[in-house]
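Each chain gets a letter, A, B and so on, in the order its sequence line appears, and its residues count up from 1.
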Protein chains: 2
Amino acid sequence: MAGFDYRALDNIIHSRVRLAIMSYLMTAKSADFNELKSQLNLSDGNLSTHLTKLETIDYIKLEKKFVGKKPLTTVTITTKGNNAFKTYIEQLSTLIEKK
Amino acid sequence: MAGFDYRALDNIIHSRVRLAIMSYLMTAKSADFNELKSQLNLSDGNLSTHLTKLETIDYIKLEKKFVGKKPLTTVTITTKGNNAFKTYIEQLSTLIEKK
DNA sequence: ACACTTACTTTGTGTTTCAAAGTACTTTAT
DNA sequence: ATAAAGTACTTTGAAACACAAAGTAAGTGT
């Protein structure tokens, strides 16, 4: 009975906060900073750092523009991010099925 | 569309290594140190520290005895650990179902 | 002008992870 | 008998991580 290889589980997605972010983006496709912040109950700083990390490995794309007078950061999941998330979920599924 | 509450996900189970350990124990019921070490491909130190952490919150029980001349540590999942794991899996399931 | 709000980012501190090194033996050559 | 190598762990230390408090840069009331 071989245990599962924990190294296979995407370490970057597998953070509770980033899992929440990615999961949200999978259905929402895109969201802006404040939407994520309020929906996921994150502090500004916490969200900001996790977004930066996800952006660094190209799982999401961040676009900054002004809407009227206010800055607006829009977050979009990339193809790479989408694939990574799907893989992550599949691995989790096999883990869960084993119960 | 409300995102999921990451704070609800058991932080102690939600470590890749500990998830592997708990998952293994759910089906194996009990295992000894070297079994976990080899099946889960963990270094001695890494396994040791995670076991200690899981023991601290009573998710597992560690029993040390000698078999012949050698020390043997047997790891058993507790009822509390079993429940915590089930809850964890349920939460993950809802996350996955949302896709 | 002054405090206050908004939309973030940076910084600082505490926590976590992991393997290398350490411990306390036992077993195996020589 | 002694040294070298293994066994079964635990402790330690350095790097990475998580998070909120503080900071920034702009706008908005009063």
Side-chain angles (χ1 to χ4, degrees), chain A residues 3-25 30-57 59-76 88, chain B residues 3-25 30-57 59-76 88:
Chain A
F4 102 110
D5 178 16
Y6 79 94
R7 268 165 276 249
L9 250 201
D10 190 322
N11 206 13
I12 289 181
I13 293 181
H14 189 76
S15 130
R16 296 182 314 171
V17 172
R18 290 192 297 267
L19 184 51
I21 294 171
M22 292 295 284
S23 168
Y24 190 90
L25 289 175
S30 94
D32 51 14
F33 192 94
N34 282 314
E35 184 184 351
L36 287 172
K37 184 185 153 189
S38 60
Q39 294 293 335
L40 306 178
N41 248 282
L42 298 166
S43 67
D44 295 15
N46 201 7
L47 175 56
S48 180
T49 48
H50 285 296
L51 288 180
T52 302
K53 181 161 287 185
L54 286 170
E55 188 193 25
T56 304
I57 54 157
Y59 280 6
I60 63 170
K61 203 173 42 147
L62 297 176
E63 279 166 300
K64 283 145 202 294
K65 60 177 178 178
F66 275 87
V67 171
K69 307 290 184 62
K70 294 180 187 175
L72 178 72
T73 299
T74 305
V75 187
T76 323
Y88 176 85
Chain B
F4 102 110
D5 179 14
Y6 80 94
R7 268 164 276 249
L9 250 200
D10 189 322
N11 206 12
I12 289 182
I13 294 182
H14 189 76
S15 130
R16 296 183 313 166
V17 173
R18 290 193 297 269
L19 184 52
I21 294 171
M22 292 295 284
S23 168
Y24 190 90
L25 289 175
S30 94
D32 51 15
F33 192 93
N34 283 314
E35 184 184 352
L36 287 173
K37 183 187 154 187
S38 61
Q39 294 293 334
L40 305 178
N41 247 280
L42 297 167
S43 67
D44 295 16
N46 202 5
L47 176 56
S48 180
T49 47
H50 284 297
L51 288 181
T52 303
K53 182 161 284 184
L54 286 169
E55 188 193 25
T56 304
I57 55 156
Y59 280 5
I60 62 170
K61 202 174 44 149
L62 297 176
E63 279 166 299
K64 285 144 201 291
K65 61 176 178 180
F66 275 88
V67 171
K69 305 290 185 61
K70 294 179 184 173
L72 178 71
T73 299
T74 305
V75 187
T76 324
Y88 177 84

So do Phe33(B) and Leu72(B) actually touch side chain to side chain, heavy atoms under 4.5 Å?
->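 The answer is no; the side chains never approach within 4.5 Å.
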Test item: Leu36(A) and Leu42(A) side chains (from C-beta on) under 4.5 Å apart, heavy atoms |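 The answer is no, as the side chains (C-beta and beyond) never meet within the 4.5 Å cut-off.
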Using whole Å, what does the distance between atom [atom2] of nucleotide [N] and atom [atom1] of [X] come to?
{"X": "Asn46(B)", "N": "dA20(C)", "atom1": "CG", "atom2": "P", "value": "11 Å"}
{"X": "Leu51(B)", "N": "dT17(C)", "atom1": "CG", "atom2": "P", "value": "13 Å"}
{"X": "Ile57(A)", "N": "dC17(D)", "atom1": "CD1", "atom2": "C1'", "value": "14 Å"}
{"X": "Lys53(B)", "N": "dT10(D)", "atom1": "NZ", "atom2": "C1'", "value": "16 Å"}
{"X": "Leu54(A)", "N": "dT9(C)", "atom1": "CG", "atom2": "C1'", "value": "16 Å"}
{"X": "Lys37(B)", "N": "dG6(D)", "atom1": "NZ", "atom2": "P", "value": "13 Å"}
{"X": "Glu55(B)", "N": "dT10(D)", "atom1": "CD", "atom2": "C1'", "value": "13 Å"}
{"X": "Asp44(A)", "N": "dT10(C)", "atom1": "CG", "atom2": "C1'", "value": "12 Å"}

What's the closest nucleotide to the [X] side chain, out of [options]?
{"X": "Lys70(B)", "options": "dT17(C), dT10(D), dT7(D)", "value": "dT7(D)"}
{"X": "Ser48(A)", "options": "dT10(D), dA8(D), dT9(C)", "value": "dT9(C)"}
{"X": "Val17(B)", "options": "dC18(C), dC8(C), dT10(D)", "value": "dC18(C)"}
{"X": "Lys69(B)", "options": "dC19(D), dT26(C), dT17(C)", "value": "dT26(C)"}

Look at the side-chain N and O atoms of [X] and state whether any lies under 4.0 Å from the OP1 or OP2 oxygen of [N].
{"X": "Arg18(A)", "N": "dC17(D)", "answer": "no"}
{"X": "Lys64(A)", "N": "dA25(D)", "answer": "no"}
{"X": "Arg16(A)", "N": "dC19(D)", "answer": "yes"}
{"X": "His50(A)", "N": "dC17(D)", "answer": "no"}
{"X": "Thr73(A)", "N": "dC8(C)", "answer": "yes"}
{"X": "Thr49(A)", "N": "dT10(C)", "answer": "no"}

Give me the one residue out of Asp32(A), Thr76(A), Val75(A), Thr73(A) that meets side chain to side chain contact (heavy atoms under 4.5 Å, CB included) with Glu63(A).
->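 Result for side chain to side chain contact (heavy atoms under 4.5 Å, CB included) with Glu63(A): Thr76(A).
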Shortest non-hydrogen separation from Lys37(A) to Leu47(A) and the atoms involved |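 Smallest interatomic distance, heavy atoms only, reads N-CD2, 3.6 Å.
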Closest contact, heavy atoms only, Asn11(B) versus Arg18(B) |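 What the structure gives for the nearest pair is O-NH2, 3.8 Å.
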Given DNA chain D, 5'-ward residue of the pair Asn11(B) and Thr74(B), judged by closest heavy atom |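 Counting from the 5' end, the first nearest nucleotide belongs to Thr74(B).
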Is the backbone of Asp44(A) close enough, under 3.5 Å, to the side chain of Ser48(A) for a donor and an acceptor to pair up by distance?
->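 Not at all, since once roles are kept as given, no pair shorter than 3.5 Å links the two residues.
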Give Leu72(A) one of three labels, base, sugar-phosphate or nothing, depending on what nucleic acid heavy atoms sit under 4.0 Å from its own.
->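 Counting heavy atoms under 4.0 Å across all strands, the contact made by Leu72(A) is with sugar-phosphate only.
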Sugar-phosphate only, base, or nothing, as touched by Phe66(B) at under 4.0 Å among non-hydrogen atoms =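 Counting heavy atoms under 4.0 Å across all strands, no contact is made by Phe66(B).
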In terms of the nearest nucleotide of DNA chain C, which residue is placed more toward the 5' end: Ser43(B) or Leu47(A)?
->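 Of the two residues, Leu47(A) wins.
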